Amino acid sequence: MQILRNIIYGLLPRPRLSPAPADVAPTAAKRLLVLSRYPNPSVSYYLDERTKALTDIPIIMKGLDEGLEDLDSEGLFVIICRYIKEPQLRWLEDRRRSLAGVAYFIDDDIPAVVAGDEATWPYKFTLLNLAVRPLPRVNRLLTHLWTSTETLADTLANKHKKIEILAPMPADPGRRSSEIAGEASAPLKMIYHGTGVHRREHEFLMPIVKMAMDKHRNLHFEVFAEGSLARQWSRQDIDPARTTISLPLPWASYLAKTTDQGADIALAPLLVGKTNDSRSDTKRIDISRMGAAAIFSRCPTFARCAVAGEIHIGNTAEEWLAAIDQLVSDRDRRLIARNATMKSIEKMRQSATTAFPGIRFDALGSIA
């Protein structure tokens, strides 16, 4: 079966930059159009803060089902964020020579997700329909290709042009005044908010969470899961009065929930694999927003913006149980870990730039 998955992975198309036609000169962008399945985490993590920095440039956000007929294509720079549908793709093709450029941004190794065994079939169908099938036509339009990590760029590299990195650019989190429980018996909320694509991480955590919950009677656990994963969590025989298994939320609802409701301990495992190897450390942003003390897998992804005081451990049940025990019993250690992840968000901001790679913007009023 793995041989078949590898064959499928190799056959699926990738985003590719083609050499620029000799008769098409790059032009300055007068306005910016973002095409996305909006709202979504990719836009929030990578694009929102950068578009806000373009104070003199008109920004247009369009969902995948919205028409583009009312737009002036002259001097328009287009960012395709992961997905595109046929009507919008046809509009771009018809106006390609008047556009200032077209960038494709990708933050997942989508062929690895499609060929892998973790994602659900409905999600794979979405990827195939909106991200994979359009690529041959999209590639003919591209003037820029951006990825979220160097590792992902390496998987897409070709000889024509250098792929640019568009690293996560979180908003300034400000100060969060979440409570840190003091007494050893005080109720504590522990969460795992991995999506269904992280099936292996869910299954890795199940026996660990079961043992931690049996040991610490003041611990409450929240996980997002549906379908077979939700049933697997239900079969762990964890006290249902202290367990919440919730359906995954739409992105806007998840943002609102994690902004309004904090957590004490956040679990952030990441196991070795083709899909995970290309991921960025955006999970830090969600954890910081909740004001939680995090436990991270020790791996290159979470090493990127690591700071002193964070907890990074190997992927063994013993290490994860010991880390949970420490955070449950030691208020000061929770405070140190929470504050460290908040500092890592500032490190993430400082290591990124608000600029979109390779684009020259000219405000409408300054065009000669």
Side-chain angles (χ1 to χ4, degrees), residues 1-16 35-46 63-65 80-89 104-139 145-149 151-156 192-206 223-233 245-254 269-280 282-283 286 301:
M1 180 60 74
Q2 187 56 49
I3 293 174
L4 178 60
R5 294 187 189 280
N6 291 340
I7 293 173
I8 294 171
Y9 177 76
L11 291 176
L12 290 172
R14 270 78 167 162
R16 288 282 188 261
L35 300 178
S36 172
R37 203 178 189 187
Y38 189 82
N40 68 35
S42 300
V43 172
S44 295
Y45 294 146
Y46 299 93
L64 298 185
D65 294 315
I80 301 170
C81 182
R82 292 175 61 102
Y83 307 129
I84 192 168
K85 285 189 172 181
E86 167 68 25
Q88 293 180 343
L89 180 53
Y104 184 77
F105 171 67
I106 187 67
D107 56 349
D108 265 328
D109 186 346
I110 287 178
V113 178
V114 172
D117 60 355
E118 294 188 77
T120 63
W121 282 108
Y123 183 59
K124 289 185 179 184
F125 179 78
T126 296
L127 293 179
L128 286 169
N129 190 43
L130 301 181
V132 176
R133 185 176 58 85
L135 273 181
R137 291 168 63 187
V138 168
N139 288 344
L145 177 55
W146 303 328
T147 67
S148 55
T149 66
T151 303
L152 184 54
D154 289 343
T155 70
L156 303 177
Y192 176 58
H193 286 178
T195 65
V197 175
H198 291 278
R199 173 175 292 277
R200 291 191 302 141
E201 282 78 14
H202 277 270
E203 293 174 344
F204 169 75
L205 284 179
M206 286 174 186
V223 63
F224 286 103
E226 60 183 334
S228 62
L229 272 180
R231 292 190 291 273
Q232 282 181 265
W233 276 109
I245 303 173
S246 299
L247 290 173
L249 296 172
W251 179 244
S253 300
Y254 181 74
L270 199 63
L271 305 181
V272 174
K274 193 182 295 290
T275 305
N276 284 345
D277 291 347
S278 296
R279 294 192 188 279
S280 70
T282 51
K283 181 52 65 179
D286 299 331
T301 294

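Since the structure is predicted, the reported quantities are computational estimates derived from the model, not experimental observations. By convention here, the first residue in the shown sequence is residue 1. Because only heavy atoms are used, hydrogens play no part in the values below, and waters and symmetry mates are left out as well, while side chains stay in.
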**OP:** Report yes if some heavy atom in the side chain of Pro15 is under 4.5 Å from a heavy atom in the side chain of Asn139; otherwise report no.
**Re:** yes
Subject >> Residues His198, Lys283; criterion side chain to side chain contact (heavy atoms under 4.5 Å, CB included); working and verdict >> reply: CA-CA 12 Å; His198 291 278; Lys283 181 52 65 179; over 6 Å; no
**OP:** List the steps and the verdict of side chain to side chain contact (heavy atoms under 4.5 Å, CB included) for Ile8 and Leu4.
**Re:** CA-CA 6 Å; Ile8 294 171; Leu4 178 60; 4.1 Å; yes
Original post:
What heavy-atom pair brings Val43 and Cys81 nearest, and what distance separates the two atoms?
Top reply: CG2-SG, 4.1 Å
Original post:
If every non-hydrogen atom of Tyr104 is compared with every non-hydrogen atom of Ala131, which pair is closest and at what distance?
Top reply: OH-O, 4.0 Å
Subject >> Residues Tyr46 and Ser280: side-chain donor-acceptor under 3.5 angstrom >> reply: yes
Original post:
What is the distance from atom OG1 of Thr155 to atom CG of Asp277, rounded to the nearest 0.5 Å?
Top reply: 10.5 Å
**OP:** State whether the side chain of Arg14 and the backbone N or O of Ile110 hold a donor-acceptor pair below 3.5 Å, judged by distance alone.
**Re:** no
Original post:
What's the shortest heavy-atom distance between Asn129 and Pro134, and which atoms?
Top reply: O-CD, 3.6 Å
Original post:
To the nearest 0.5 Å, how far apart are CG in Asn6 and CG in Leu11?
Top reply: 11.0 Å
Original post:
Any chance the side chains of Ser42 and Arg37 put a donor and an acceptor closer than 3.5 Å?
Top reply: no
Original post:
Taking only residues two or more places apart in sequence, or in another chain, which ones meet Lys124 in a salt bridge (charged side-chain N to carboxylate O under 4.0 Å, His left out)?
Top reply: none
Subject >> Lys274: partners by side chain to side chain donor-acceptor pair (under 3.5 Å), with sequence neighbours left out >> reply: none
Subject >> Approximate separation, where rounding is to 0.5 Å, of Ile80 CD1 and Ser36 OG >> reply: 11.0 Å
Original post:
For residues 112-121, which residue pairs qualify under salt bridge (Lys or Arg N to Asp or Glu O under 4.0 Å), counting only residues two or more places apart or in two chains?
Top reply: Glu118-Arg200
Subject >> For His193, all residues meeting ring pair (Phe, Tyr, Trp, His ring centres under 6.0 Å), sequence neighbours excluded >> reply: Phe224, Tyr254
**OP:** Using the test side chain to side chain donor-acceptor pair (under 3.5 Å), find all partners of Ser278 that sit at least two apart in sequence or belong to another chain.
**Re:** none
**OP:** Tell me, with the steps shown, if Arg279 and Thr149 meet side chain to side chain contact (heavy atoms under 4.5 Å, CB included).
**Re:** CA-CA 7 Å; Arg279 294 192 188 279; Thr149 66; over 6 Å; no
Subject >> Between CG on residue Leu270 and CD on residue Glu201, distance to nearest 0.5 Å >> reply: 5.5 Å
Original post:
Does CD1 belonging to Ile3 count more than 12 external heavy atoms closer than 6.0 Å?
Top reply: no
**OP:** Mind listing the closest non-hydrogen atom pair of His202 and Gly194 along with its distance?
**Re:** NE2-O, 3.0 Å
**OP:** Could you pull out all residues at least two apart from Arg133 that satisfy salt bridge (charged side-chain N to carboxylate O under 4.0 Å, His left out)?
**Re:** none
**OP:** Under the side chain to side chain contact (heavy atoms under 4.5 Å, CB included) rule, what do Gln232 and Leu229 come out as? Steps first, then yes or no, please.
**Re:** CA-CA 5 Å; Gln232 282 181 265; Leu229 272 180; 3.8 Å; yes
Subject >> Partner of Tyr45 under side chain to side chain donor-acceptor pair (under 3.5 Å), chosen from Asn40, Asp286, Asp107, Thr282 >> reply: Asp286
Subject >> Closest contact, heavy atoms only, Ala225 versus Trp233 >> reply: CB-CD1, 3.9 Å
Subject >> CD on Glu226 to OG1 on Thr120, rounded to 0.5 Å >> reply: 7.0 Å
Original post:
For the atom pair CG (Leu145) and CD1 (Ile106), what is the distance rounded to the nearest 0.5 Å?
Top reply: 9.0 Å
Original post:
Is the NZ or CZ atom of Arg82 positioned over Tyr38's six-membered ring, under 6.0 angstrom from the centre and within 45° of the axis?
Top reply: no
Original post:
Which atoms form the tightest heavy-atom contact between Val114 and Leu128, and what is the distance?
Top reply: CG1-CD2, 3.8 Å
